Each structure stands twice: as structure tokens, then as C-alpha cells.
Amino acid sequence: QRHRHARASASATDRHEVVSPKRRLPLRKVPGDHGPPLVGALKDRLEYFYGPGGRDGFFASRVRAHRSTVVRLNMPPGPFVAKDPRVVALLDAASFPVLFDTSLVDKTDLFTGTFMPSVDLTGGYRVLSYVDPAEPNHAPLKSLLFHLLTHRREHVIATFREVYGELFALMEGELARAGKADFGERNDDAAFGFLCRALLGQDPADSPLRDEAPKLITKWVLFQISPLLNLGLPKLVEDGLLHSFRLPPALIRKDYTRLADFFRDAGRAVIDEGERRLGVAREEAVHNILFAMCFNSFGGMKILFPSLIKWLGRAGGRIHGRLATEVRNAVRGNGGEVTMQALAEMPLVKSAVYEALRIEPPVAMQYGRAKKDMVVESHDYGYEVREGELLFGYQPMATKDPRVFARAEEYVPDRFLGEDGARLLRHVVWSNGPETASPTLQDKQCAGKDFVVLIARLLVAELFLRYDSFDVQVGSSALGSSVTITSLKKATF
Ligand code: HEM
Ligand code: 243
């Protein structure tokens with residue numbers, strides 16, 4: 001009796017088959033199965049982490065096997081970390097956006113997927129990233145982070161240029177000494193220093209954290225998401241331990257306390273704002289600011305910036321020349337300063353950044369629980385989903401869907417230029433929402449969306465103000481790419 005209302009009335013195209021309510025697509029049962037309890041989950045986990053095609057191959061093989069871009073499968077980690085690994089996987093650009101519709105999906109505790117890390121790792125609080133918009137503290141906490149990101153907006157560009165200018169100077173020195181320079185480690189140091197100086201007005205180097213925060217944070221992130229990562233350890237150790245059990249929060253308590261002490265002090269102005277204007281308790285603000293700065297922002301920059309350097313590096317000299325020309329003309333036209341106006345006059349920089357976010361969304365996986373029985377529509381079929389089922393989207397297959405993007409597997413830096421390019425932007429969804437939308441207090445779109453796009457543009461601008469071209473070597477790592485710079489050709493025009 002469900003969906004009777006959607007039965008086709010006699011028309012030329014749908015011959016009385018049951019169709020989806022919105023687009024009248026033929027209905028199909030979601031193919032694929034989860035296998036027997038435990039065994040099915042373990043098989044899928046081993047293929048996901050250690051199968052020949054890697055993560056992409058895992059999902060692609062399911063699409064091929066079932067000739068369907070919406071399939072059932074088990075997501076890691078499964079036993080003994082997650083209670084239930086079963087998901088309905090959305091593997092195309094048409095079905096993925098159901099995850100953005102908070103009237104259809106509940107996002108409670110799904111930030112990291114089928115398991116939630118212990119709240120002992122976040123000061124005893126369920127921080128905003130795990131909170132559904134229907135919960136009463138979602139809006140005040142998101143407002144607090146909007147404030148964090150904007151209250152010192154006039155310091156962001158200058159601080160970025162200072163800190164990342166220093167990063168490039170250090171990279172030049174290392175290149176001269178060793179013939180190559182690792183980007184990742186320097187980026188970690190720069191990212192945290194930049195974030196604290198720009199958003200809090202405090203240099204962590206002048207605090208008891210000294211220069212240790214990036215290492216502490218990386219370890220703390222590992223304690224939260226080790227069940228999801230491929231660390232390159234021997235398979236038996238990695239899968240038998242790190243993917244099967246949680247690391248005990250007690251082992252990182254001291255480190256976390258040092259970070260919390262720093263933010264309790266450095267974040268005073270933002271904490272005050274939370275207490276006075278938003279009704280957020282001071283300690284809840286401390287741990288939410290810490291999480292936003294260390295997990296969301298530092299973690300995000302740790303993945304996105306090497307990715308951006310990788311794709312730009314591989315794009316080659318001709319595109320470097322076009323970017324350098326655009327950046328320098330825009331800066332010259334704005335009194336020799338990098339300003340918001342100058343950035344607005346860099347369409348190729350904007351497009352190249354969007355294209356990196358499209359081809360390699362920094363956070364690949366999103367989840368939402370069906371709030372009611374519904375039909376999820378892909379390009380060709382409607383799929384019936386029951387209330388309570390877990391929907392999972394593998395974003396790279398949405399943003400590299402060949403039905404939406406031509407040459408989907410290629411980095412095309414000028415893809416988003418012009419009117420036709422702009423029409424594609426709604427399919428860029430790294431922020432858990434279309435690039436054409438803005439995060440609100442009612443949805444789960446990334447609070448840092450505008451900030452992230454801004455600093456990514458600033459990185460590209462800084463790079464091409466300083467250099468005509470550069471070369472990279474790329475490897476993989478637990479979080480994103482490992483990028484080594486092998487040459488930096490100083491600006492000649
Ligand atoms: C949510 C990605 C940077 C704050 C999200 C989500 C994604 C994401 C995919 C949705 C998670 C979900 O499924 O629920 C990224 C990436 C970043 C980045 C790729 C950097 C490259 C930032 C920054 C902030 C931030 C700089 C700073 C405040 C948040 C918050 C949420 C969120 C608070 C939850 C929003 C809500 O509850 O309404 N982010 N993010 N993110 N992000 Fe980001
Ligand atoms: O392979 C991967 O994609 C590893 C990343 C797992 C991330 C877990 C889920 C986090 C969800 C959203 C994250 C948003 C960002 O603000 C920051 C990501 C930083 C991860 C360390």
C-alpha cells in the first residue's frame with residue numbers, strides 16, 4: 001500500500017509500473033546484501049581497506065555487480081567498534097543530496113559514521129558536529145562558531161600571508177639544502193599557528209603548548225577515527241586492533257587537557273560572546289571551540305592543502321602560467337595588496353580550487369538516518385528506503401559522476417569558469433551541501449564553508465605571487481596525500 005499514490009496514471013512513458021513520487025522513475029528494490037552477521041561486515045571491511053582496488057574499487061565493484069548506483073553494503077569499522085555496519089550506499093550525483101535534506105534524514109551522532117567516538121575525547125560533551133539541527137543546542141553552538149570565524153575577519157588575510165609566506169621561505173631553504181621539501185609537516189605547523197593567530201589573536205608558540213600542538217592534535221584525531229584509517233601498519237595489527245577496538249581515551253587525557261587549557265584562555269572573547277549573547281555555558285564553549293579549531297579546521301587543512309598542492313602541481317606549467325598571470329594582475333590592480341576584491345578578480349583561482357574540492361572531496365563520507373519511509377531517486381530509478389535505515393554517501397562518486405561532469409576523472413582547473421561552469425557548482429558538495437548554498441542554523445552544512453574556500457584561494461594566490469611554477473612528488477598517507485615539493489621557480493614577471 002506504500003507509494004500507491006505514486007502509481008503511474010496511464011501515460012506513454014510509464015506503463016503502469018510503480019514509479020517514484022517526484023520524478024516518476026521506475027521503482028527498484030535496493031540491490032546488494034549485508035551477508036551474515038559479523039562475517040559479512042568483516043569481509044567488506046577487509047576488501048575496503050586491503051582489496052586490490054582500494055576504497056574506490058570497493059564501491060565500484062558493488063556498482064558493477066548490481067548494475068546500480070544505490071546498493072546495500074557494510075561500512076567499516078563494524079565489529080567490535082560499531083553496533084550496526086549496514087548502510088544503503090548512495091554512489092551517484094542524483095541520490096547523494098538526500099543527505100542534505102534535514103527533513104528526510106537525522107544526523108544525530110553520525111559525523112564519523114556508524115560509530116561515535118567516546119565523549120571522553122571531547123571533554124565529556126557531544127560537540128556540534130554530532131548534534132542534529134532538531135536539538136536545542138545546535139543553533140547556539142553553530143552561531144558561536146560563525147562568530148569565531150568572523151569576529152576577527154579583518155586579520156585573516158594578513159595573518160595567512162605572514163604564516164604561509166614563512167612556510168614557503170622555509171620550503172625554499174629546505175629545497176636548497178636537500179633538493180626536496182615535505183609540504184605536510186610544515187603545513188601542519190603553519191595551519192595551527194595561522195588558525196590561532198587569525199581567529200583568536202594568540203600565537204600558540206607563546207603559550208605552554210609551544211610548538212607541540214600539531215603533534216598532540218594529530219594523535220588526538222587518531223584516537224577518534226583510527227577505526228576508519230589505513231595507517232600502513234601490518235594488516236593483522238591494523239585490522240585486528242585499530243579497526244576492531246577503540247583506543248582508550250585515558251591514554252590521551254593529559255594531551256587533551258593541555259589543549260583545553262590553551263583554548264579556555266585564548267578563546268576568552270569567543271567564550272564570553274557565547275555566554276552573554278547565545279546562552280552557551282563556558283565549558284561547553286571551550287570544548288566546541290577546541291573541536292572546531294583542532295578537528296574541523298586543522299584536520300580539514302591537513303587534508304585539503306596537500307590535496308590542492310598535489311592537483312595544482314600535476315596540472316603543469318601552462319596552467320601555472322595562467323594562474324600566476326591572473327593572480328599578479330589582480331593584486332597589481334588592487335594596490336599591490338591581496339584583498340577580498342583582488343580575490344574576487346581571480347576567476348581561474350576560484351575554479352581551480354572548486355575543481356580540487358570536486359575531484360578529491362577532503363572528507364569523502366557522509367551519513368544520515370532515514371526519518372521516514374521514502375523513495376530515494378538516482379538518475380534512472382527510485383529506491384525504497386525504510387524509516388530508520390542508515391543512508392551513506394561516498395562523495396567522490398557523486399562529484400565524479402560522468403552523468404554530471406564531462407572528463408570527470410580529470411583535473412580541469414578551468415571547469416567552473418563562465419555561465420556553463422557556474423551551473424555545475426551546485427554539484428560540488430564538499431561542505432555537505434551545494435557550493436551554491438550557505439550553511440544555516442537549520443542544516444548540517446559545514447560552518448567553515450566560506451572560510452575554507454577563502455583560505456584555499458589565499459594559498460593559491462600566495463603560491464603564484466611567489467612562484468612561476470613548481471613540481472611535486474605525491475604519495476599516500478593515513479589522512480590524505482603526502483606531498484613533496486621538488487622545485488619552486490621564483491617569480492620572473
Ligand atoms: C560539518 C567538511 C572545515 C566546522 C562538516 C561536514 C563536512 C565538513 C563534510 C558535514 C559532516 C556531516 O556529515 O555531518 C569540512 C572540510 C573542511 C572543513 C572538508 C576543510 C577543508 C571546517 C572549518 C570549520 C568547520 C574550518 C570551522 C568552524 C564544521 C562544523 C560542522 C561541519 C561545525 C557541523 C555543522 C553543523 O552541525 O551544522 N564539515 N569542513 N569545518 N564543519 Fe566542516
Ligand atoms: O579518509 C578519510 O576521509 C578520513 C577522514 C575521516 C573523517 C571522519 C569524519 C569527519 C567528518 C567530517 C569532517 C569534517 C572536517 O571539518 C574535518 C575533517 C578532518 C578529519 C581529520
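Note that the numbering runs from 1 along the sequence shown for the chain. For clarity, every value in this text was computed on a predicted model and none was experimentally measured. Just so you know, ligand 1 is whichever comes first in the structure, and atom 1 is the first atom listed for that ligand. Note: hydrogens, waters and symmetry copies are ignored here, and every other heavy atom, side chains too, is used.
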A.B. asks: Can you say whether the rings of Tyr354 and Phe416 are parallel (under 30°), tilted (30 to 60°) or perpendicular (over 60°)?
C.D. replies: perpendicular

A.B. asks: Return the residue, atom name and 0.1 Å-rounded distance of the protein heavy atom closest to atom 19 (C) of ligand 2.
C.D. replies: Gly299 C, 3.5 Å

A.B. asks: Nearest to atom 21 (C) of ligand 1, what protein heavy atom do you find, and at what distance?
C.D. replies: Gly300 O, 3.5 Å

A.B. asks: Using a 3.5 Å cut-off on N or O atoms only, is Ser129 in polar contact with ligand 1?
C.D. replies: no

A.B. asks: Step through the shown structure and confirm whether more than 12 heavy atoms of other residues, nucleotides or ligands are within 6.0 Å of CD on Glu275.
C.D. replies: yes

A.B. asks: Within ligand 2, which atoms have a heavy atom of Gly300 less than 4.0 Å away?
C.D. replies: 17 (C), 19 (C)

A.B. asks: Could you tell me if any non-hydrogen atom of Gln366 lies under 4.0 Å from any atom of ligand 2?
C.D. replies: no

A.B. asks: Any side-chain donor paired with an acceptor under 3.5 Å for Tyr394 and Asp56?
C.D. replies: yes

A.B. asks: Using a strict 4.0 Å cut-off to heavy atoms of Leu128, name the atoms of ligand 1 that fall inside it.
C.D. replies: 33 (C), 37 (O)

A.B. asks: Around atom CG of Leu236, are there more than 12 heavy atoms of other residues, nucleotides or ligands at under 6.0 Å?
C.D. replies: no

A.B. asks: Quick one: does ligand 1 sit under 4.0 Å from the side chain of Tyr367, the backbone, both or neither, non-hydrogen atoms only?
C.D. replies: neither

A.B. asks: Could you check atom 5 (C) of ligand 2 against the protein and tell me its nearest heavy-atom contact, residue, atom and distance included?
C.D. replies: Leu479 CD2, 4.2 Å

A.B. asks: Is the distance between the ring centroids of Phe168 and Phe470 less than 6.0 Å?
C.D. replies: no

A.B. asks: Under a 4.0 Å N-O cut-off, is there an ion pair linking Lys219 with Asp255?
C.D. replies: yes

A.B. asks: Which residue from Ala139, Ala447, Pro133, Cys446 reaches closest to atom 5 (C) of ligand 1 through any of its heavy atoms?
C.D. replies: Cys446

A.B. asks: Decide if atom CZ of Arg403 counts as having more than 12 heavy atoms of other residues, nucleotides or ligands within a radius under 6.0 Å.
C.D. replies: yes

A.B. asks: State whether Arg86 and Glu389 are salt-bridged, where the test is any N-O pair (Lys NZ or Arg NE/NH1/NH2 against Asp/Glu carboxylate O) under 4.0 Å.
C.D. replies: no

A.B. asks: Name the option, out of Asn296, Leu195, Ile455, that contains the heavy atom nearest to atom 4 (C) of ligand 1.
C.D. replies: Asn296

A.B. asks: Could you tell me, atom by atom, which parts of ligand 1 come under 4.0 Å of a heavy atom of Pro362?
C.D. replies: 19 (C)

A.B. asks: Specify the protein heavy atom at minimum distance from atom 2 (C) of ligand 2: its residue, its atom name, and the distance to 0.1 Å.
C.D. replies: Arg55 NH1, 3.7 Å

A.B. asks: Out of curiosity, is Gln445 lining ligand 1, as in a heavy atom under 4.0 Å away?
C.D. replies: yes

A.B. asks: For ligand 1, is any non-hydrogen atom under 4.0 Å from Lys107's backbone (N, CA, C, O), its side chain (CB onward), both, or neither?
C.D. replies: side chain

A.B. asks: Taking 4.0 Å as the limit for heavy-atom contacts, which would you say applies to Ser297 with ligand 1: side chain only, backbone only, both, or neither?
C.D. replies: both

A.B. asks: Which atoms of ligand 2 have any heavy atom of Val221 under 4.0 Å away?
C.D. replies: 21 (C)

A.B. asks: Return the closest protein heavy atom for atom 2 (C) of ligand 1 as residue, atom name and distance.
C.D. replies: Trp430 O, 3.9 Å

A.B. asks: Hydrogens and angles aside, do Thr108 and Arg126 bring a side-chain donor and acceptor to less than 3.5 Å of each other?
C.D. replies: no

A.B. asks: Indicate yes or no: does Arg72 engage Asp44 in a salt bridge with an N to O separation below 4.0 Å.
C.D. replies: no

A.B. asks: Give the single entry among Asn230, Ile217, Asn296 that approaches atom 15 (C) of ligand 2 most closely by any heavy atom.
C.D. replies: Asn296

A.B. asks: Is any NZ, NE, NH1 or NH2 atom of the basic residue among Glu355 and Arg358 found under 4.0 Å from an Asp or Glu carboxylate oxygen of the other?
C.D. replies: yes

A.B. asks: Does Gln395 reach ligand 1, in the sense of a heavy atom lying below 4.0 Å from it?
C.D. replies: no

A.B. asks: Answer yes if the ring centres of Tyr164 and Phe305 are under 6.0 angstrom apart, and no otherwise.
C.D. replies: yes

A.B. asks: Atom 37 (O) of ligand 1: which of Gln366, Lys444, Lys302 has the nearest heavy atom?
C.D. replies: Lys444

A.B. asks: Do any N/O atoms on His138 end up under 3.5 angstrom from N/O atoms on ligand 1?
C.D. replies: yes

A.B. asks: Give me the nearest non-hydrogen protein atom to atom 18 (C) of ligand 2 as residue plus atom name, then the distance to 0.1 Å.
C.D. replies: Val363 CG2, 3.5 Å

A.B. asks: So, are Arg264 and Asp261 salt-bridged, with charged N and O less than 4.0 Å apart?
C.D. replies: yes

A.B. asks: Out of Leu222, Thr218, Ile225, indicate the one that has the non-hydrogen atom closest to atom 6 (C) of ligand 2.
C.D. replies: Ile225

A.B. asks: Under 4.0 Å, heavy-atom basis, I'd like to know which part of Leu149 is in contact with ligand 1: side chain, backbone, both or neither.
C.D. replies: side chain

A.B. asks: Check for a donor-acceptor pair, side chain of Asn288 on one end and backbone N or O of Glu284 on the other, with a separation under 3.5 Å.
C.D. replies: yes

A.B. asks: Using a 4.0 Å cut-off to any heavy atom of Leu304, which atoms of ligand 1 qualify?
C.D. replies: 21 (C)

A.B. asks: Please state whether the rings of Phe192 and Phe298 are parallel, tilted or perpendicular, taking 30° and 60° as the class boundaries.
C.D. replies: perpendicular

A.B. asks: For ligand 1, which atoms sit closer than 4.0 Å to a heavy atom of Phe111?
C.D. replies: 11 (C)

A.B. asks: Does Arg415 reach the main-chain N or O of Phe405 with its side chain, forming a donor-acceptor pair under 3.5 Å?
C.D. replies: no

A.B. asks: How far is atom 6 (C) of ligand 1 from its nearest protein heavy atom, and which residue and atom is that?
C.D. replies: Asn432 CB, 4.0 Å

A.B. asks: Considering heavy atoms of the protein only, find what lies nearest to atom 13 (C) of ligand 2 and give residue, atom and distance to 0.1 Å.
C.D. replies: Phe111 CZ, 3.3 Å

A.B. asks: Ligand 1 versus Val452, non-hydrogen atoms closer than 4.0 Å: side chain, backbone, both, neither?
C.D. replies: side chain

A.B. asks: Where the side chain of Ser351 meets the backbone of Pro347, is there a donor-acceptor pair that is under 3.5 Å apart?
C.D. replies: no

A.B. asks: Could you label the plane-to-plane angle of the Phe80 and Phe245 rings as parallel, tilted or perpendicular, counting under 30° as parallel and over 60° as perpendicular?
C.D. replies: parallel

A.B. asks: Under 4.0 Å from any heavy atom of Leu145, which atoms of ligand 1 are there?
C.D. replies: 33 (C)

A.B. asks: Give a yes/no verdict on whether any heavy atom in Leu441 is under 4.0 Å from an atom of ligand 1.
C.D. replies: no

